[in-house]
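To start, the structure itself, in structure tokens.
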Amino acid sequence: MKVIFVASGNKKGAGQVNSFVQSQYDSLKAEGLEMVLFPVVGKGWKGYAKAVVALRKLVKQEKPDILHAHYSTCGLVASLATMCMRHKSKIFVSILGSFPTRNRKWRRVRWAISRLWDGVLVKSERTKRQLGLDVPVIPNGVNLEVFQVKSKDDCRKSIGFEDGKKYVVWCSNPDRPEKDYKLAEDTVHLLESEILDPNGFSVKLVPVFNKTPQEVCTYMNAADCLLLTSWSEGSPNVIKEAMACNCPIVTTDVGDVTERLENLDGCYVVTTEHPIINQQTQDTYMEENARVVADCLKKALTFGKRTEGRKRILDDGLTIELTAKKIINWYESL
């Protein structure tokens, strides 16, 4: 079976895909599939138009059985690239995000699922419910060879974390609005204002992005807690990666985090509100959100030990190897 992976190639410069896409690609290749990677480079209609032309040329050359696109936009690129071709490859799409509201994107994806694509999978039961369709749920697996449990002291020294401070890592680009970095900042500032006493501790928020998976692993092992403040996710990989490092976690209730972290000591899922009303109301809700997240963050920072997250990953079968087998079964079923 020959598969072309179609994914955004705008990470860290032209041509590089997200690490979880690369890991999935490598794991499928290790299972014996013939894999070809096609990074979609560029943004806007001009960038996608160029990608359609380049992908069409690649499909004619490779004649794959399947085009597996990651994110709905890459699925549309794959559909346009294969339109009216003599060799008809099946188009499978991984929907990686979620749909908090039934907006234009929701309608566009539902239309594409019914009209354009041969198969679709989602990353969480929540996204499946939001779409209202009977589609398979296959969360991304974790590369346990990369995300390992390491000495906290050694990792702290290697990246310059100071003694006597509590470090909270936040793993994304602060410029991405759906990740809500401001909530993370507000939460830590609020927590700092409450614990600045002779018997308290100092808290430092560390955004981690544009790092290799190995570097991210070091930060997770060095950290006292991983914080995720997103308002929209499918099945956040960073949560499973932190679990694999036994790092305490505080996260907003997005994607499948409740399923992943249920009854896992040292990990906390927080319900927040995200109203779109007016600036005054929004400011009030932001303060309330910071309060509830800060309460859980304080618990995580005083937890005092590592979690059993890695065991949970193994018990739930969320390794890249098992995920690869599930994806192959999905290919073969369609």
Side-chain angles (χ1 to χ4, degrees), residues 7-8 18 20-21 43 69-76 93-114 116-117 120-140 170-187 207 209 226-240 242 249-262 267-297:
S8 173
N18 281 300
F20 73 86
V21 174
K43 298 179 181 180
H70 297 262
Y71 292 104
S72 57
T73 304
C74 289
L76 294 174
V93 179
S94 290
I95 304 296
L96 304 177
S98 62
F99 303 88
T101 60
R102 295 190 172 190
N103 55 15
R104 184 170 58 182
K105 180 182 177 182
W106 179 86
R107 292 192 294 271
R108 185 178 70 232
V109 169
R110 292 252 313 182
W111 178 85
I113 290 171
S114 64
L116 298 179
W117 303 330
V120 170
L121 67 79
V122 295
K123 299 300 177 178
S124 71
E125 290 290 343
R126 177 176 297 186
T127 304
K128 179 178 178 177
R129 290 194 300 270
Q130 289 170 343
L131 282 173
L133 298 172
D134 186 17
V135 294
V137 179
I138 306 178
N140 292 332
W170 186 91
C171 296
S172 188
N173 188 331
D175 291 336
R176 294 180 61 181
E178 75 277 12
K179 302 297 183 179
D180 207 345
Y181 184 61
K182 188 177 188 308
L183 176 56
E185 288 184 309
D186 291 347
T187 297
F209 61 104
L226 174 120
L227 176 61
L228 185 144
T229 49
S230 299
W231 51 264
S232 177
E233 295 278 356
S235 174
N237 295 296
V238 67
I239 294 297
K240 289 168 283 187
I249 296 167
V250 172
T251 174
T252 47
D253 186 7
V254 290
D256 61 351
V257 297
T258 299
E259 300 164 53
R260 303 279 76 84
L261 302 177
E262 186 177 11
C267 298
Y268 305 89
V269 178
V270 188
T271 300
T272 56
E273 300 292 340
H274 299 276
I276 304 173
I277 304 173
N278 57 57
Q279 189 61 52
Q280 182 179 358
T281 306
Q282 187 177 19
D283 289 344
T284 300
Y285 271 87
M286 288 173 66
E287 292 175 9
E288 293 178 0
N289 287 344
R291 163 61 58 194
V292 294
V293 178
D295 288 343
C296 287
L297 185 57

Sidechain-backbone polar pair: W231 side chain, P177 backbone, donor-acceptor under 3.5 Å: yes

Main-chain N/O of F20 paired with N18 side-chain donor or acceptor, under 3.5 Å: no

Nearest heavy atoms of I249 and A242, plus distance in Å: CD1-CB, 3.8 Å

From CG (L226) to SG (C267), nearest 0.5 Å: 9.5 Å

Residue of the set V269, L227, D295, T187 for which side-chain contact (heavy atoms from CB on, under 4.5 Å) holds with V250: L227

Side chains of K123 and L96 in contact at under 4.5 Å (non-hydrogen atoms): yes

Rounded distance (nearest 0.5 Å) linking atom CE of M286 with atom OG1 of T272: 11.5 Å

Where S230 and T252 come nearest, the two heavy atoms and their spacing: O-OG1, 2.6 Å

Contact check, side chains of V109 and V120, non-hydrogen atoms, under 4.5 Å: no

Atom pair NZ (K105) and OG1 (T73), whose distance is rounded to the nearest 0.5 Å: 7.0 Å

Nearest-0.5 Å distance, SG of residue C171 to CG of residue N237: 11.5 Å

Pair T258, D253: side-chain N/O donor-acceptor within cut-off below 3.5 Å: yes

Where S232 and V254 come nearest, the two heavy atoms and their spacing: N-CG1, 3.9 Å

Candidate pair K179 and L228, rule side-chain contact (heavy atoms from CB on, under 4.5 Å), full reasoning: CA-CA 8 Å; K179 302 297 183 179; L228 185 144; over 6 Å; no

Distance (rounded to the nearest 0.5 Å) between T251 OG1 and L297 CG: 12.0 Å

D256 side chain to E259 backbone, donor-acceptor under 3.5 Å: no

Least distance between heavy atoms, P207 atom then P174 atom: CB-CG, 4.1 Å

Atom of V93, atom of G75 and distance for their closest heavy-atom approach: CG2-CA, 3.9 Å

Residue pair R260 / P139, side-chain heavy-atom distance below 4.5 Å: yes

Side-chain (K240) to main-chain (N140) donor-acceptor, under 3.5 angstrom: yes

From W117 atom CH2 to W111 atom CH2, the distance as rounded to the nearest 0.5 Å: 9.0 Å

Test item: Q130 and R126 side chains (from C-beta on) under 4.5 Å apart, heavy atoms: yes

Under 3.5 Å: donor-acceptor pair, side chain of S172, backbone of F209: no

Exam field: side chain R110 to backbone L131, donor-acceptor pair closer than 3.5 Å: yes

Side chain to side chain donor-acceptor pair (under 3.5 Å) between T229 and W170, intermediate numbers included: CA-CA 8 Å; T229 49; W170 186 91; 2.9 Å; yes

Minimum side-chain heavy-atom gap V257-Y268 below 4.5 Å: no

Test item: S94 side-chain N/O and L121 main-chain N/O as donor-acceptor pair under 3.5 Å: no

Any donor-acceptor N/O pair, T127 side chain to S98 backbone, under 3.5 Å: no

